[in-house]
Amino acid sequence: MALFEIFDPKAAPRPIGIDLGTTNSLVAYVKDGRPEVIADCNADRLLPSVVFYDEHGGAVVGRAAQARAAESPRETIVSVKRCMGKGGDDPETRRLGPYAFAPPAEGEANVVRFDVRGRRLTPVEVSADILRALKQLAEDELRSVGPAVITVPAYFDDAQRQATKDAGRLAGLDVLRLLNEPTAAALAYGLDKKKDGTFCVYDLGGGTFDVTVLLLEDGVFQVKSTGGDSALGGDDMDRAVAEEIFRVADLPPERRTPAIIRAVLDTSRALKHQLTEREAASAPSPLGVGPAELTLARSRFDELIAPILERTGVACRRAMKDAGLRGEALDGVILVGGATRVPAVRAYVKKLFGKEPLADIDPDAVVAMGAALQAHLLAGEGHKDEVLLLDVLPLSLGIEVGGGVVDKILPRNTTIPTGARATYTTQEDNQTGFQIHVVQGERELVADCRSLARFTLKGIPPMAAGMARLEVRFDVDADGILSVTAKETTTGLEQHVEVVPSYGLDDDAIEAMLLDALDHGEEDLEKRRLAEGQVEAHRMVLATRKGLAADAELLAPGERELIAAAVAALEEAAAGASAAAIQSRISDLDHATRAFAERRMNAAIAKATLGQRLDAVEKTVEHAKGIDLAHAEGTRAVG
Ligand code: ADP
Ligand code: MG
């Protein structure tokens, strides 16, 4: 009898999408063109991101591990994502739970190490155990697993992304790409609905909050801005409820053992979940003292979580501002993350944006579904040009101008690839070189930003101050590589450098830089005005002196004294600390020299036109105007 090999289409390796969450992880794939989340044998689609290490060195992942947490808190690792790519001494890890941490050995990298039964486990290894469990789940369903797309919070920095990739590799996955979670969610929505418009993705998970403003045009997504808080989520609601339970029970701190804390947190989460469906919730008390049953009303719960919602609001407003939008300009708000099931969250989001949020795709699963779609596309199983994902600059890029001030050429959250140009001029006569200093950051002064590169454009022929025209071009390619070109346009001299903007800043550093800029906004602006005023004053004094020396014969009687007095007043103001005073003296000097400047201009034109044809005269006039125009358009002096 002949044996026939039956071709099982399921056996061909299938690309998968993984949402590696702080609280829950999911794996999905594309089945008949639609993303589908893979459930385990209990029809459970969420794999809790919890790993229990047993005494034989085995790892148990998911609900079974969760069940061991209360009795073996030190051997059961939860929320490991919070310490991916973090230093061993990072305070964030201390918030995680009652773990023992091992210090790095001599010569070892300074990463978090859990001390579990004498094993020293890094977050990468713990995450790899979660990914292995997901891979197994996918293999059970699909037989053979192909390349994977794994999602990460938008705020993840280089180290955190690298750690996630390492975990994937350690789990035996072929990691095609990492994808930002909010973008994955939007992908799931965009491909399902093919809608145009501007959307805001509000992702409140267990441990992270991400907000993203996206522009959707003919099925193409553009990230307009991103923001969030990498330490904010449904876990914080559980903590708020747990604190309330301890407060009401008046449990002395010495009785708050790790096991009790863990049990109270579990009870808090159960109460929270009940309140999503009901007005009041109850659960058996794990305290061992007081009433046998704990109850919580939804109204009290809403009060407890109000500060958490306010924090998400701050991040949303900032992201909207960065995208240059007001609430009304949004076509929709997409809810992502299990915590957005809470009715108070939906009500808050609705009030914040003034419209009903979209929630027709399961907020727990939408990220994994988007990741599956992306994996499907990247593996060449869809139409490649169906979706084009763009990225944004995390921090503004600019150059140093006179007075140590930053001139921002590309503002933060600009979509990449991108380019921009700015024109500058010289401050001093006969300046033969430009120092170009490229900086990154939100603050107004160079000293408060990060220096990325310095280079010099040399060999400019001696010219009068303000005559040289320096054109600076910034180009950022799709990989985030910045190239800077500086060109002196009257001579054609050009210089080019490539800079890699630092994405190695961790999210706290970026956050700190942003907060710093907000805190110092007013103060910075005043400093900036002062510095700019001083530069402008210096330029005007030099130009006036030069004019007086060159065309003394054009002065009217008494005019020289008047101008000299205005110059002296301006110099005095420039030595002071008031930007307003400098501006007012600048306009005084401008006023005092206006008639004289007009006479000089006329004389120059007359001299140039002596014996010339009319079209040449027009050119000369145009040239004189051109300089003025360039100045009005913001030609600035480079120090
Ligand atoms: P992450 O992306 O951080 O892994 P998820 O998106 O899975 O997180 O969200 C997990 C959070 O959602 C947890 O805090 C969980 O308690 C909460 N959550 C899940 N279901 C509900 C529900 N029905 N009501 C309220 N909160 C829920
Ligand atoms: Mg999530």
Side-chain angles (χ1 to χ4, degrees), residues 17-28 37 44-51 61-63 66 69 77-84 96 127 130-131 134 150-156 160 164 178-188 201-212 228-242 265-279 281 283 296 298 301-302 304-305 308-309 312 334-349 359 361-371:
I18 290 177
D19 173 5
L20 183 61
T22 312
T23 318
N24 295 303
S25 298
L26 300 87
V27 56
V37 178
D44 208 344
R45 305 195 305 168
L46 301 183
L47 179 77
S49 308
V50 182
V51 188
V61 183
R63 304 241 175 255
Q66 227 169 19
I77 313 287
V78 300
S79 299
V80 65
K81 187 173 174 179
R82 282 190 187 271
C83 44
M84 286 292 267
L96 274 183
S127 297
I130 298 169
L131 290 170
L134 291 170
I150 304 178
T151 59
V152 289
Y155 256 57
F156 257 26
Q160 291 167 303
T164 306
L178 300 179
L179 181 65
N180 285 341
E181 288 158 10
T183 311
L187 248 176
V201 181
Y202 180 104
D203 178 353
L204 190 61
T208 52
F209 174 63
D210 274 319
V211 53
T212 310
D229 190 328
S230 57
L232 184 65
D235 292 352
D236 298 287
M237 297 181 184
D238 303 347
R239 272 191 279 274
V241 173
L265 282 172
D266 284 347
T267 304
S268 303
R269 189 174 319 111
L271 290 169
K272 174 185 74 174
H273 286 197
Q274 284 180 42
L275 288 174
T276 292
E277 310 296 333
R278 280 178 241 147
E279 290 295 329
L296 183 65
R298 189 191 272 175
F301 174 69
D302 290 353
L304 292 173
I305 64 166
I308 295 167
L309 302 189
T312 69
I334 301 169
L335 290 184
V336 177
T340 63
R341 290 183 192 275
V342 171
V345 172
R346 296 194 174 198
Y348 181 81
V349 173
I361 299 183
D362 179 0
D364 295 304
V366 64
V367 168
M369 284 158 72

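Both counts, for ligands and for their atoms, begin at 1 and track the order of listing. Note that the coordinates shown come from a computational prediction; the quantities given were computed from them, not determined experimentally.
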Who are the residue neighbours of ligand 1 when the rule is a heavy atom under 4.0 Å from any of its atoms?
-> Gly21, Thr22, Thr23, Asn24, Gly205, Gly206, Gly207, Gly234, Asp235, Arg269, Lys272, His273, Thr276, Gly337, Gly338, Ala339, Arg341, Val342
Less than 4.5 Å apart, any side-chain heavy atom of Asn180 and any of Thr212?
-> no
Validation row: Ile150, Leu179 side chains within 4.5 angstrom (heavy atoms) | no
Please round to the nearest 0.5 Å and tell me the distance separating atom CG of Asp44 and atom CG of Asn24.
-> 8.5 Å
Test side chain to side chain donor-acceptor pair (under 3.5 Å) applied to Arg269 - qualifying residues, sequence neighbours left out = Asp238, Asp266
Return the set of residues passing side chain to side chain donor-acceptor pair (under 3.5 Å) with Glu277 (not counting sequence neighbours), or none when no residue passes.
-> none
Residues which pass side chain to side chain donor-acceptor pair (under 3.5 Å) with Asp364, listed by chain and number, not counting sequence neighbours = Arg341
